[in-house]
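Here the structure comes first, spelled out in structure tokens, and everything after it is commentary.
Here the structure is a predicted model, which means the values were calculated and not measured.
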Amino acid sequence: FWPSRDGGLWIGTRAGLCLLKEGRIRTLEAGDPLASAQVHHILGDAQGRLWVAAESGLFVSPDGNLRFTPARGWPGGPAHALALDGDGLWVGSTAVLHHRDGAGAWRAWGAAEGLPAEPVKDLLKVPSGALWIRTSTQLRVLPPGGTRLGPPALGLPSLAVSVYEETLAADGGDGVFVPTAKGLLHLTDRAWRLLDERRGLPSGWANQAFVDRSGNLWVASLGLHRLQGSGAWENFTRLDGLPADNVWGLLRDRTGLLWIATAGGLASLDASGLTPYPPGADLVLYTLKEGPDGSIWGAGEHPFLIRISPDRARLTRIPLPPTPNLAVPVALAFDRGGDLWVGTTRAGLWRVSDPGGRAAFHQVELPGSTAPEAITALHEDGRGRLWAATDRGLARLDQGRWQIWGREIGLHSAPLAALAPLPDGTAWVAYREPLGLTLMDLRGDAPKVLRHWIRKEGLASDSVYS
């Protein structure tokens, strides 16, 4: 990834380079050398140029636009990694490290300069001027002004390769983080340490690392983990009082309290720590919502809703009306009038009037419905219109009138699984079949399909669950 100068995001994939801007993906023209290339690295320099390292070589856009040409003087071969060197550029290739000076002259560094006979996978220039080089199985460092690469003089253990890609990450100073299959290795000019399961890393391996502006370390492995600046990992399991290790839903209420729905009940988390919520013991909830009065509502693997009073003292179970299909609620949304909308697995959509009082249920019939259907997601937009993801497409309630759209506007003919609205009035929808994602514009009188996104365009999987 690399941010574009006009607020977009360049994305390198195994099947080409593209630009994400204003919610839309722009691809390169068919004749561009990067239109279908396997992209390894993207880097912008101070002159406004955008450099792209690809399996087919090194390419550059002089002004960071959508037109790329082969870099002048590139010696040839794949380009795997990039790092700036003042006005110059370091480029990692297969068993060779290339340097381009500010005048455009190239120099090759190889075995004679201490480079292992392996592909150079990542490069990192730290503030001291040292250049870190990572190959498939080894680390090298080039001191400022040095003429030869050498291994870090720290007595390191044998370097385990990463699970996916061999990467490096800056630690905010002159040190470097090295994700490996045995944990996260942290090196400075004086010492090294390995963060693994014995030292608090929730997983025994690490794939990516990143230090944010606040000094927190984020690690991608089996999930995403944060190491706070104090050096203590925050993980919560049953040993800490969590009802179960399977977490299905989260809600931050207006007081700042974090509610956690697990496979074994409810808990809350605040500055004082984790607290199980005894009235919610053994409840399996998937969705949590806060009501207008500050109450907490939940829906999940039961034929009833739960309501926790605003003072958190009472939990009430509110049964769904009897249905022949043994439906359970899976989606909740409050409208601006205070009514609660409930989407179920087999009994369609319900509106609950006076939810904080008598809670009267009213079944809603959607246009063209001939049998009970699943409603998997609900959302009220800024204009007060209610949207529902259904078995037959996307439905909308506007000024008391329901409409539904499906294949006729370009949606796939499969039940919808999820609806994710964006601040600009667009939304992503997912399907209960492996069909990827669809970006929709919800701002007009009728929704419009803007594009489909599938695995061959860079999506990790065509099966999207939430």
[X]-[Y] aromatic ring centre distance below 6.0 Å:
X	Y	answer
F304	W297	no
F334	W341	no
W2	H41	no

Under 4.5 Å between any side-chain heavy atoms of [X] and [Y], yes or no?
X	Y	value
M440	L394	yes
L50	V60	no
T275	L269	no
L266	I306	yes
L43	L84	yes

Where is the tightest heavy-atom contact between [X] and [Y], given as atom of each residue plus distance?
X	Y	result
L34	D32	N-OD1, 2.9 Å
L217	V211	CD1-CG2, 3.9 Å
D196	K182	CB-O, 3.6 Å
P33	F59	CB-CE2, 3.5 Å
I25	C18	CG2-CB, 3.9 Å
P303	P329	CA-CD, 4.5 Å

Salt-bridge test for [X] and [Y]: reply yes if a basic N is under 4.0 Å from a carboxylate O, no otherwise.
X	Y	result
D85	K125	yes
R49	D45	yes
D270	R252	no
R383	D381	no
D445	R396	no
D339	R351	yes

How many angstroms lie between atom [atom1] of [X] and atom [atom2] of [Y], to the nearest 0.5 angstrom?
X	Y	atom1	atom2	value
I308	E290	CD1	CD	11.0 Å
E301	T345	CD	OG1	10.5 Å
T262	L283	OG1	CG	9.5 Å
L274	S268	CG	OG	7.0 Å
W10	R5	CH2	CZ	10.0 Å
H40	H80	NE2	NE2	4.5 Å

Does [atom1] in [X] sit with more than 12 non-hydrogen atoms of other residues, nucleotides or ligands closer than 6.0 Å?
X	atom1	answer
Q47	CD	yes
R385	CZ	yes
D87	CG	no
R443	CZ	yes
R24	CZ	no
R254	CZ	yes
N65	CG	yes

Exercise for review: List the steps, then state whether salt bridge (Lys or Arg N to Asp or Glu O under 4.0 Å) holds for D253 with R312.
Suggested key: CA-CA 12 Å; D253 69 20; R312 310 298 184 241; 3.2 Å; yes

Main chain of [Y], side chain of [X]: is a donor-acceptor contact present, judged purely on distance under 3.5 Å?
X	Y	value
T167	Q208	no
D462	R455	yes
T180	L184	no
D122	L168	yes
D441	L450	no
H98	W74	no
S309	R314	yes
T287	V330	yes
Q363	A347	yes
R336	G382	yes

Review point. After noting the C-alpha distance and the side-chain angles of L58 and V52, does the key distance pass the side chain to side chain contact (heavy atoms under 4.5 Å, CB included) rule?
Key: CA-CA 6 Å; L58 180 67; V52 178; over 6 Å; no

Practice item. In sequence, state the C-alpha distance, the side-chain angles, and the governing distance for E380 and W387, and then conclude on side chain to side chain contact (heavy atoms under 4.5 Å, CB included). Key: CA-CA 6 Å; E380 187 185 55; W387 297 87; over 6 Å; no

Check your understanding: Just one of L366, T376, L416 clears the side-chain contact (heavy atoms from CB on, under 4.5 Å) bar with T390, so which one?
Key -> L366

Exercise for review: Could you verify whether a donor N or O on one side chain and an acceptor N or O on the other, from E118 and T137, lie under 3.5 Å apart?
Suggested key: yes

Review point. Do S353 and H362 get their side chains close enough for a donor-acceptor pair, meaning under 3.5 Å?
Key: yes

Exercise for review: On the 0 to 90° scale, with breaks at 30° and 60°, tag the Y277-W259 ring pair as parallel, tilted or perpendicular.
Suggested key: perpendicular

Practice item. Tell me, with the steps shown, if Y465 and W248 meet ring pair (Phe, Tyr, Trp, His ring centres under 6.0 Å). Key: CA-CA 12 Å; Y465 300 107; W248 302 122; over 10 Å; no

Point to revise | side-chain hydrogen bond (donor to acceptor under 3.5 Å, both in side chains) between Q399 and R401, worked out | key: CA-CA 6 Å; Q399 296 182 356; R401 177 175 175 243; over 6 Å; no

Review point. Passes side chain to side chain contact (heavy atoms under 4.5 Å, CB included), W402 versus V364? Steps please.
Key: CA-CA 10 Å; W402 280 100; V364 178; 3.4 Å; yes

Check your understanding: So W51 and R100, side chain to side chain contact (heavy atoms under 4.5 Å, CB included) or not? Walk me through it.
Key -> CA-CA 12 Å; W51 298 89; R100 180 185 186 275; 3.8 Å; yes

